[in-house]
Amino acid sequence: MLLEENVSLLPYNTFGLDVQARYFARFTSADELRQLLKLPQVQAADKLILGGGSNLLFTQDFAGVVLKNEIHGLEITREDGETGTALVRAGAGESWHGLVEYALDQGLSGIENLSLIPGTVGAAPLQNIGAYGAELRDTFDHLEAVEIGTGEGRVFTAAECGFGYRESVFKNVLKGRFVVTAVVLRLHRQARPNVRYGAISDTLAELGIEGEPTPQDVSRAVVHIRRSKLPDPAEIGNAGSFFKNPEVSQAKFDHLKAEYPELPGYPVPGGVKVPAGWLIERAGWKGLRRGPDGGTHGVHDRQALVLVNHGGATGSEVRQLAEEIITSVRQQFGIELHPEVNIL
C-alpha cells in the first residue's frame with residue numbers, strides 16, 4: 001500500500017505512452033482500497049482507477065493519484081442444478097481473458113465469444129464489453145463496489161448498472177464515484193455456443209472444426225480472429241478498437257446504401273449499426289502513418305478501427321489523428337464517430 005510519487009505510467013497503458021502520475025499506489029483488497037482513500041494526499045487529489053490500462057489514451061501527465069486495482073481471486077460461489085447455471089465470482093484485478101479461460105476449464109460457457117479482450121475484469125462492466133455477437137450483460141449477475149466518497153460497499157444488479165452499447169451508469173451518472181472490486185457472472189453448464197456471428201462459423205470451418213462446436217472451439221476461433229486482425233500491444237502500442245460502431249436510422253442507412261451498395265449494416269432496435277472500421281477505411285485512413293522516420297503513429301494496416309503508436313508518439317498526436325478521422329467520416333458519410341477509448 002505504498003503511496004509512490006512521480007511514477008511513470010509507461011508499463012501501465014497499452015498505448016505505450018510515457019506519462020507520469022503525481023501519486024501511485026496498488027491495492028489488493030477492498031479494505032486496502034478503503035485505507036488508501038483515507039490518506040490526505042488521496043482525498044485531496046483527482047483519482048484514476050487503473051486496471052489493465054487497455055482502454056486509455058493519456059494526452060498529458062496525470063496530476064492526481066492513480067490507484068491500480070490488483071484484487072485477485074476466481075471461484076464458483078453457487079451451482080444451480082435446475083437451471084444448469086453457476087455463479088462465478090472474479091476479483092476486479094483479474095485479467096478478463098484469464099476469467100474466460102477459468103470458466104472454460106470449469107466446464108462453463110457464456111463468455112467464450114469475449115475471449116482475448118484485453119483489460120481486467122473490473123473494467124468489463126464499465127463499458128459493457130462485447131464482441132462477436134455477445135456482451136457482458138448477457139451473463140452478468142451483479143458486481144461489488146466501494147464508494148470513493150464514503151468507503152462503503154455496495155452491490156449493483158444488472159438493472160442498476162444501466163447497460164447499453166458500450167455504456168453503463170459508471171460512464172455517466174456514476175462516473176468517478178465507485179470502484180469495482182468484484183464481478184459475478186451466471187454461466188452455463190450445457191448451453192449451446194453462440195456461433196451466429198459470421199466470422200466465427202467461417203473460422204471454425206477454416207480450423208477444421210466440424211459438427212457441433214464446443215465453447216472451447218468457439219474461444220479458439222475468436223482468439224484466431226482477433227490475433228489475425230488486431231495488433232499485439234506488446235509489439236505495437238494500441239488500445240484495440242478506438243471508436244464505437246455508430247448506430248443510424250433505417251432511413252439514413254437506406255440513403256447511404258444507395259450510394260455505397262457494399263456498405264454493411266446490422267439491425268439493432270431503432271435502426272442499423274454500421275461498422276466504424278468500414279467507414280474509416282472507405283474514407284482513406286487505413287494504413288496511414290504520421291510522424292518522422294517512417295511514422296510514429298497512425299491507423300493499423302489490417303484493421304482501420306485501431307489507432308496505433310509505432311513508437312515515439314504522444315497521446316496528443318493520437319488524439320489529433322482521431323479528431324481528424326471523426327471530421328473526415330462526418331463530412332463523407334454524415335455519421336458521427338465516438339471514441340470507445342477514454343481520453344485523459
Side-chain angles (χ1 to χ4, degrees), residues 14 52 54-55 95-119 124 128-136 138-139 165-166 185 187-245 257 260-268 272-282 285-288 298-308 340:
T14 60
S54 60
N55 199 43
S95 79
W96 173 261
H97 187 61
L99 170 57
V100 175
E101 292 181 318
Y102 172 81
L104 292 172
D105 287 344
Q106 298 299 316
L108 296 168
S109 66
I111 53 175
E112 55 274 1
N113 293 56
L114 307 181
S115 295
L116 212 63
I117 291 181
N128 182 32
I129 61 171
Y132 303 107
E135 290 183 319
L136 174 73
D138 299 336
T139 57
Y165 174 58
R166 303 299 177 269
L185 304 181
L187 303 179
H188 301 274
R189 281 287 175 204
Q190 295 179 336
R192 284 189 173 184
N194 174 6
V195 295
R196 294 188 299 272
Y197 196 93
I200 294 180
S201 297
D202 294 342
T203 304
L204 287 169
E206 179 186 336
L207 295 174
I209 298 169
E210 302 176 350
E212 190 70 34
T214 66
Q216 288 84 353
D217 291 334
V218 172
S219 176
R220 181 181 164 203
V222 170
V223 168
H224 181 83
I225 295 168
R226 294 185 71 91
R227 284 180 172 159
S228 69
K229 286 186 174 183
L230 303 174
D232 184 348
E235 299 175 2
I236 303 175
N238 75 93
S241 299
F242 196 92
F243 300 100
K244 301 177 185 178
N245 290 319
K257 191 76 170 175
Y260 304 97
E262 70 280 18
L263 173 67
Y266 307 94
V268 294
V272 181
K273 184 182 293 184
V274 177
W278 187 93
L279 299 171
I280 296 166
E281 181 174 351
R282 186 60 187 254
W285 292 94
K286 186 177 182 180
L288 173 134
V299 181
H300 195 243
D301 58 5
R302 294 200 308 272
Q303 174 51 269
L305 199 53
V306 178
L307 304 189
V308 295
E340 186 173 321

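Quick caveat: nothing in here was measured; it's all calculated off a predicted structure.
Looking at Asn238, its side chain does come within 3.5 Å of a backbone N or O of Pro231 through a donor-acceptor pair. A donor-acceptor pair is defined here as one N or O able to donate and one able to accept, closer than 3.5 Å; no such pair exists between the side chain of Asp138 and the backbone of Gly110. The backbone N or O of Ile209 sits nowhere less than 3.5 Å from a side-chain atom of Asp217 that would complete a donor-acceptor pair. Between the Asn194 side chain and the Gly133 main chain, a donor and an acceptor come within less than 3.5 Å of each other. Ser201 places a side-chain N or O within 3.5 Å of a backbone atom of Val195 that can act as its donor or acceptor partner. No side-chain donor-acceptor contact under 3.5 Å links Asn245 to the backbone of Lys273.
Considering all non-hydrogen atoms of both residues, Gly265 and Val272 come closest at CA-CG1, 3.7 Å. Shortest non-hydrogen contact noted between Val218 and Pro213 is CG2-CB, 4.4 Å. Of all heavy-atom pairs between Ile111 and Ala103, the closest is CD1-CB, 4.2 Å. The two residues Ser115 and Val100 have their closest heavy-atom pair at OG-CG1, 3.5 Å. For the residue pair Lys257 and Leu263, the shortest heavy atom distance occurs at NZ-O, 2.6 Å. Contact between Gln303 and Gly277 at its shortest, heavy atoms only, is OE1-CA, 4.2 Å.
A 4.5 Å side-chain heavy-atom check between Glu340 and Lys244 finds at least one atom pair inside the cut-off. The shortest distance between side-chain heavy atoms of Trp96 and Leu136 falls below 4.5 Å. Side chains of Val223 and His97 form a contact here, defined as non-hydrogen atoms less than 4.5 Å apart. Residues Leu185 and Leu99 have side chains in contact (heavy-atom distance under 4.5 Å, counting atoms from C-beta outward). Within the 4.5 Å cutoff, side-chain heavy atoms of Phe243 are placed close to those of Leu305.
If you take OG on Ser95 and CD1 on Ile117, they are separated by 12.0 Å, rounding to the nearest 0.5 Å. Taken to the nearest 0.5 Å, the CD1 atom of Ile225 stands 8.5 Å off from the CG atom of Leu207. Rounding to the nearest 0.5 angstrom, the gap separating the CZ atom in Arg226 from the CG atom in Leu114 is 9.0 Å.
Here Glu112 does not pair with Arg220 in a salt bridge; the nearest charged N to carboxylate O distance is not below 4.0 Å.
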Practice prompt. Decide side chain to side chain contact (heavy atoms under 4.5 Å, CB included) for Leu108 and His188; before the verdict, give the C-alpha distance in whole Å, the side-chain angles of both, and the deciding distance to 0.1 Å.
Written response: CA-CA 5 Å; Leu108 296 168; His188 301 274; over 6 Å; no

Worksheet entry | Val299/Glu281 under side chain to side chain contact (heavy atoms under 4.5 Å, CB included): CA gap, chis, key distance, verdict | CA-CA 9 Å; Val299 181; Glu281 181 174 351; over 6 Å; no

